[in-house]
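Please read the structure below before turning to the comments.
Naming: A, B, ... by sequence-line order, numbering from 1 per chain. Note that these values count all heavy atoms, side chains included, but never hydrogens, waters or copies made by symmetry.
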Protein chains: 2
Amino acid sequence: MTQKKRVTLQDVAEHAGVSRATASLIVRGSTKIAEKTRDKVLDSMRELGYVYDRVAANMRSQSSSTIGLIITDIANPFYAELLRGVHQALEEAGYTVFLGTTYDSKMKQDQLIARMLEHRVGGIILCPVSEDSKDSIEPVKQIDIPLVLAVREIENVSSDYVGIDYEVGAQMAVNHLIHRGHRRIAFLGGTSHSTAWKERRQGYCTALKQAGLEIDESLIIESSVTREGGMGAVRQVLFKSNPPTAVFCFNDLVAHGVMLGLNEAGLQPGKDIAVVGFDNNNEAPLYNPPLTTVSSYARLIGSQAASLLQQRIVNPDRDHQRIILQPELVVRKSS
Amino acid sequence: MTQKKRVTLQDVAEHAGVSRATASLIVRGSTKIAEKTRDKVLDSMRELGYVYDRVAANMRSQSSSTIGLIITDIANPFYAELLRGVHQALEEAGYTVFLGTTYDSKMKQDQLIARMLEHRVGGIILCPVSEDSKDSIEPVKQIDIPLVLAVREIENVSSDYVGIDYEVGAQMAVNHLIHRGHRRIAFLGGTSHSTAWKERRQGYCTALKQAGLEIDESLIIESSVTREGGMGAVRQVLFKSNPPTAVFCFNDLVAHGVMLGLNEAGLQPGKDIAVVGFDNNNEAPLYNPPLTTVSSYARLIGSQAASLLQQRIVNPDRDHQRIILQPELVVRKSS
DNA sequence: CTGAAAGCGCTTACAG
DNA sequence: CTGAAAGCGCTTACAG
């Protein structure tokens with residue numbers, strides 16, 4: 001792990017015949033330096049192959065130019081998009097991003113948070129695991145580093161947050177299915193301890209009730225938030241004596257799994273059984289058939305979270321913000 | 001960007017009534033300290049909420065516990081898997097990963113490399129952009145930081161490298177199509193200035209020649225390495241007076257686009273036209289129809305690259321290694 | 001602009 | 001185990 005000796009600002013100053021303080025001003029882009037001096041110093045930097053040591057600078061000035069981003073699964077296109085939004089906003093602002101993935105393990109989340117704090121990140125954007133993880137963020141609060149939650153909230157935790165209104169989104173999806181004449185609608189996928197699941201469930205129930213339909217608990221099946229989870233869930237529900245005619249899925253990934261499971265069983269999604277997803281992934285229009293889904297604006301969530309974080313860094317004492325994006329139903333051929 | 005004052009080792013030492021040197025030993029897990037002393041110090045750390053400052057430690061000891069990973073596109077499942085392999089291997093070893101995405105822009109790649117060097121990463125894993133970027137890695141060589149290339153090589157650059165044998169892979173794919181009786185086989189997607197493309201093209205041509213078939217340049221169409229690129233490429237080739245009966249695609253993403261383009265044109269992939277991909281993404285078996293493809297072991301490439309990097313960090317002077325994984329054909333229903 | 005000094009939070013080396 | 005000192009590569013503050 002040991003590196004060879006780097007060229008330091010001291011070396012550059014000596015080479016250019018100026019003081020270290022002057023060189024320091026130049027490297028930080030001060031305009032108060034005579035052009036001639038600046039050029040001389042910049043030439044020396046090039047000649048010596050100087051590379052600015054941002055770590056040392058940050059340490060001395062007690063600042064940070066890194067941000068930690070913790071997501072649950074990079075293989076989920078939703079998070080890939082969210083990452084993109086975060087990267088775009090923060091790299092423009094000069095931050096570099098530490099990425100960590102929890103795969104929905106709380107232990108992993110705790111480890112990642114600890115490591116990021118040790119690396120003196122300037123702030124953390126956390127997409128929490130679905131398990132309750134109030135205590136995970138204790139260390140962050142204690143050391144008082146800016147934190148923004150995204151996608152899922154943590155119950156009884158006050159923090160900046162960006163997400164979408166899952167309840168309304170779920171309601172829109174289920175209403176749509178009801179309007180198409182469906183009466184037995186399943187809700188498949190996701191795990192019941194996450195707020196993101198609870199809110200969807202709430203929306204699902206509200207829509208059914210408003211239409212005067214019974215809630216059949218046997219049509220609500222949890223699963224991991226993966227294609228495999230979706231396949232498993234739909235298999236369970238197909239074997240009921242009175243199977244559903246439509247499925248509202250936790251997200252697009254699960255919906256994809258559900259469609260594959262239906263194919264396997266010789267059923268055609270969108271014809272034999274309607275399927276609606278959640279997220280509006282890049283891939284959703286490319287599924288077969290193209291997936292009706294609720295847009296959850298992954299990239300926008302990412303860039304908004306980045307923006308909240310920057311604002312919090314600038315002004316640590318302002319009130320917590322909660323940004324709830326309004327979802328939109330995108331109707332395609334699967335319903 | 002300024003942070004509130006942290007608890008330092010000094011504070012901990014004072015609180016526990018030991019010297020700073022002792023506290024430093026304990027925090028690094030030395031076994032040479034009496035258990036009683038250690039417990040006392042660990043208690044103080046907990047009580048004060050001490051967080052180890054890895055940045056300061058790395059600076060003093062001239063070491064690094066960060067790694068830069070530069071990929072082209074996180075929305076490509078191939079890279080999501082590769083990232084997973086890298087993360088898994090490096091996090092176990094105590095490294096934290098800076099992630100950067102170039103979206104195949106050389107300028108972005110240069111910026112990311114510069115930034116990572118400024119952050120004193122202990123090494124870089126680079127999946128180069130397809131454009132020739134020999135000069136991009138000049139700064140890395142100059143400052144003498146361990147570098148591993150993955151997925152694509154850079155011509156005339158000597159470095160550790162992990163990739164697969166694209167030529168053999170392409171040959172396997174095209175041979176397979178020939179054995180199925182195809183005579184007009186297109187090669188769609190990718191950009192001709194990358195080694196990864198050149199090697200595939202080489203394999204494509206070799207297979208055709210060995211079978212005594214002509215190479216028809218009009219059946220070779222470049223595109224961006226995305227689904228959209230694949231859709232565009234297949235549209236072009238379908239309008240030929242003598243269209244192909246089979247398509248070998250640059251990768252699975254392109255193949256997916258090709259299949260969508262075929263659907264659009266009323267053709268059924270795997271029936272009207274055979275399609276073969278490259279990568280064996282997670283998603284390939286889930287396409288419709290399931291995609292015949294060449295496995296390129298994304299996660300393995302990632303973990304091997306991580307392993308090469310660690311070895312290079314330990315021993316900077318050893319010979320450059322080239323790991324070329326052997327591809328494997330996975331036959332499914334699309335061909 | 002310069003120059004000398006102090007300090008960010010650690011580790012290192014050494015005498016006791 | 002302790003204690004005092006030096007140093008990693010910067011920035012900061014200040015007198016000139």
Assess, by modelled atom type and distance only, whether the side chains of A/Thr22 and A/Ser19 contain a donor and an acceptor separated by less than 3.5 Å. yes

Could you tell me the separation between the NE2 atom of B/His320 and the CG atom of B/Leu308, rounded to the nearest 0.5 Å? 10.5 Å

Using a cut-off of 4.0 Å on non-hydrogen atoms, how would the nucleic acid contact of B/Val18 be classed: base, sugar-phosphate, or nothing? sugar-phosphate

Between P of C/dG9 and CG of A/Leu117, the distance in whole Å: 16 Å

Does the plane of the ring in B/His119 sit parallel, tilted or perpendicular to the ring in B/Phe98? Use 30° and 60° as the thresholds. tilted

What string of B, S and - do you get for nucleotides 10-16 of chain C 5' to 3' if you count protein non-hydrogen atoms under 4.0 Å? BBS----

Salt bridge (Lys or Arg N to Asp or Glu O under 4.0 Å) contacts touching residues 150-162 of chain A (sequence neighbours left out): A/Asp104-A/Arg152, A/Glu153-A/Arg322, A/Glu155-A/Lys198, A/Asp160-A/Arg312

If I take atom CD in residue B/Glu118 and atom P in nucleotide D/dG9, what distance separates them, rounded to the nearest angstrom? 15 Å

Using whole Å, what does the distance between atom C1' of nucleotide C/dC8 and atom CZ of B/Arg120 come to? 14 Å

Give every residue pair that meets the salt bridge (Lys or Arg N to Asp or Glu O under 4.0 Å) criterion with at least one member in residues 54-67 of chain B, sequence neighbours excluded. A/Glu118-B/Arg54

Can you check the B/Leu48 CG to C/dG9 P distance for me, whole Å? 14 Å

Stem ranges for DNA chain D, with three or more consecutive Watson-Crick or G-U pairs under 3.5 Å? C:1-3 with D:14-16, C:5-12 with D:5-12, C:14-16 with D:1-3

Could you list the residues that satisfy salt bridge (Lys or Arg N to Asp or Glu O under 4.0 Å) with A/Asp39, not counting sequence neighbours? none

With rounding to the nearest 0.5 angstrom, report the OH to CG distance, A/Tyr50 to A/Leu42. 11.5 Å

Within the structure, does a side-chain N or O atom of A/Gln62 lie under 4.0 Å from either OP1 or OP2 of C/dG7? no

Show me the pairs that pass ring-ring contact (aromatic ring centres under 6.0 Å, His included) and involve residues 121-155 of chain A, at least two apart or across chains. none

